[in-house]
Amino acid sequence: MSNIRVRYPPSPTGEPHLGNIRTALFNWLFARNNKGKFILRVEDTDRNRLVQGAMESQLEALKWLGIEWDEGPDIGGMYNPYTQSERLGIYKEISDTLIKEGYAYKCYCSQERLSEMRKEYSKTQSVVGYDRKCRDIDLSKLNKADENSLHVVRFKTPLEGKIIFDDLIRGEVTFENILLDDFVILKSDGFPTYHLANVVDDYYMKITHVMRAEEWLSSTPKHIHIYNSLNWKMPKFAHLPIILAPDKSKLSKRHGATSILEYRKLGYLPEAMVNFLAKLGWSLDAQTEKIDISKLINSFSLKKVSKSGAIFNIDKLNWLNGVYIRELSTDQLAYRLLAYWKLFPPFQLPLNIDSELLKRIVPLISSRIKTLNDAAPLISYFFTNKVKYEKEQILQKGLTFYDVRDILEKLYSKIISIDNFKSDIIETDLRNYVAESNYKTGQVLGILRVIFTGLDVAPPLFESMEILGKNHCVSVISSTISDLKAN
RNA sequence: GGCGCGUUCGUCUAGUGGCCUAGGACACCGCUCUCUCAAGGCGGAGAUCACGGGUUCGAAUCCCGUACGCGCUACCA
């Protein structure tokens, strides 16, 4: 057991975004690879954006993927509590210390003044930060009431010098202090901002590596200033590349599904999802595409994380998911489908599917589906007595309705005489018929495909017939003949 | 606008000075298999390594500049 400790701090402000979950995955893989700890922390300091049930979704997403945490809000740990809104006292205390030591100050400027100031600045200046009006207020000249009137606490950023730090992925990064704002660390409602809270918690929770999305790179010097002013040892930083939409902008709702839970609903396998996400911004070597979780854990390394953003390629996900589906055994796939349908019942199928019947069907579709969601429309014909299709669908190329009737009538007696209704026997008999007739294989089998399945593109015919059973096949043929006669 | 980060086939990537006339995968195209569709097998097309300068006997790989993209610039995270 090493003392490496990393964390994933979701905000309960919405659905678990693909990018965030990828960050969680990398942290988790890093922890497991190093025999360290993976900590879950709730960053609920923005009271305006809280969403009911959001945290449950976040936890569910991690559980679905098999990313389990060692310490967290629900299971506790050595550094309780793991929810920031329950740690307000700690932030207040640190904030007070910072003020007392001269590293921070109370700011009484109104929101209105701030936005007015920004508007003016943006016209004339390149730096659009706070103008530091309250930075040098002499608190001893204020009476107690005035001192405690509505205010925020701002960090007193040094006016000169620079911050240089070593990012584990990007190398040395430099920021000039003068370009940094006197940022807010404690809001007027008493809640900390991310900048304060994440530093304080990471310190107290003994986090050794902060791995987060690239968008945090620019605020890292702020965090470093807080560490320095408190004389705290800093964690190491690693800023991960961002997941992009096909148009290279940040992946958002208008590009389709962004919540990982939507992908569960779309029928993706968790292990395929993990594999895919891991390969988005990280690679093992020149040729490995499919990597299972244990291999992922054993081989994960920050050195192999790429620097540039990666576009989310749904085609590749579909392919990978297909690979994982094909590698499942019949029993496993049947079980997965049943579990999936229980969660998201498909309209094409009855509520209670017989698992033994399903196990006979699964081999016919496993190589034909990319997602679990693809299965239902492909096999609904096994669960209905009368299949629906357009009359023209049975008209195979080069045939008239008269031909179709002729074929079906001959097939009727052929099929009714098959005693052992097994696919290979059915196949032999039907092929014999085709060979004796003037029709083509595709024409004859095409007709049967449509009347049995209602589909132009369907699972294999002979195997389907065997499962449907002789009685069913015979009755469908005879009723089709009647229909043809009636018209 | 300022600051920061990035830039290898359409996409994900391999690549850390000579093995690169740049490898793999998805997607695409062709052939094969074949009862449809997949899956599988075989093959193809596709990147002058963003651009321009250096350094070097030699650069996708090192340095500088430019362009473009993205991020940050909130009492959001």
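In the text below, chain A, chain B and the rest are named by the order of the sequence lines, each starting its count at 1.
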The Watson-Crick or G-U wobble partner of B/U56, with both key distances under 3.5 Å, is none

Name the pairing partner of B/C9, where a pair is Watson-Crick or G-U wobble with both distances under 3.5 Å, or state none. none

B/S/- along nucleotides 44-50 of chain B (protein heavy atoms under 4.0 Å) is -------

If you measure from the Lys or Arg side-chain nitrogens to the Asp or Glu carboxylate oxygens, is any gap between A/K307 and A/D167 under 4.0 Å? no

Donor-acceptor check, side chain of A/T384 to backbone of A/V387, threshold 3.5 angstrom: yes or no? no

Using both distances under 3.5 Å as the test, list the Watson-Crick or G-U wobble partner of B/U16, or none. none

Measure the shortest side-chain to side-chain distance between A/K410 and A/D406 over non-hydrogen atoms and say whether it is less than 4.5 angstrom. yes

Base versus backbone protein contacts along nucleotides 20-40 of chain B [heavy-atom cut-off under 4.0 Å; B, S, -]: ---BBBSS-------BBBBSS

Pairing partner (Watson-Crick or G-U wobble, both distances under 3.5 angstrom) of B/U48: none

Which word best sums up how the rings of A/F312 and A/F276 line up, parallel for under 30°, tilted for 30 to 60°, or perpendicular for over 60°? perpendicular

Hunt down the Watson-Crick or G-U wobble partner of B/C3, both distances under 3.5 Å, from any strand shown, or write none. B/G71

Paired nucleotide for B/C35 [Watson-Crick or G-U wobble; both distances under 3.5 Å]: none

Just call it for A/T13: base, sugar-phosphate, or nothing, with non-hydrogen atoms closer than 4.0 Å on any strand. nothing

How long is the span from the CZ atom in A/R135 to the CZ atom in A/R154, to the nearest 0.5 Å? 11.0 Å

With heavy atoms under 4.0 Å as the rule, sort A/S188 into base, sugar-phosphate or nothing. base

Honestly, is A/K290 close enough over A/Y324, meaning NZ or CZ under 6.0 Å from the six-membered ring centre and within 45° of the axis? yes

Which of the following nucleotides, B/C5, B/G2, B/C75, is nearest to the side chain of A/L114? B/C75

If only side-chain N and O atoms count, and only distance matters, is there a donor-acceptor pair under 3.5 Å linking A/Y268 with A/N318? yes

Using a 4.0 Å heavy-atom cut-off, does A/T45 contact any base of the nucleic acid, only the sugar-phosphate backbone, or nothing at all? sugar-phosphate

Could you check if a side-chain atom of A/D201 sits within less than 4.5 angstrom of a side-chain atom of A/R7, using non-hydrogen atoms only? no

Does this structure show an ion pair linking A/E43 with A/R212, if we count only N-O contacts that are shorter than 4.0 Å? no

Mind checking who B/U21 pairs with, Watson-Crick or G-U wobble, both distances under 3.5 Å? none

Atom pair distance, as rounded to whole Å: CG in A/L217 and C1' in B/C72: 9 Å

OP1 or OP2 of B/G71 versus the side-chain N and O atoms of A/R170: is any pair under 4.0 Å? no

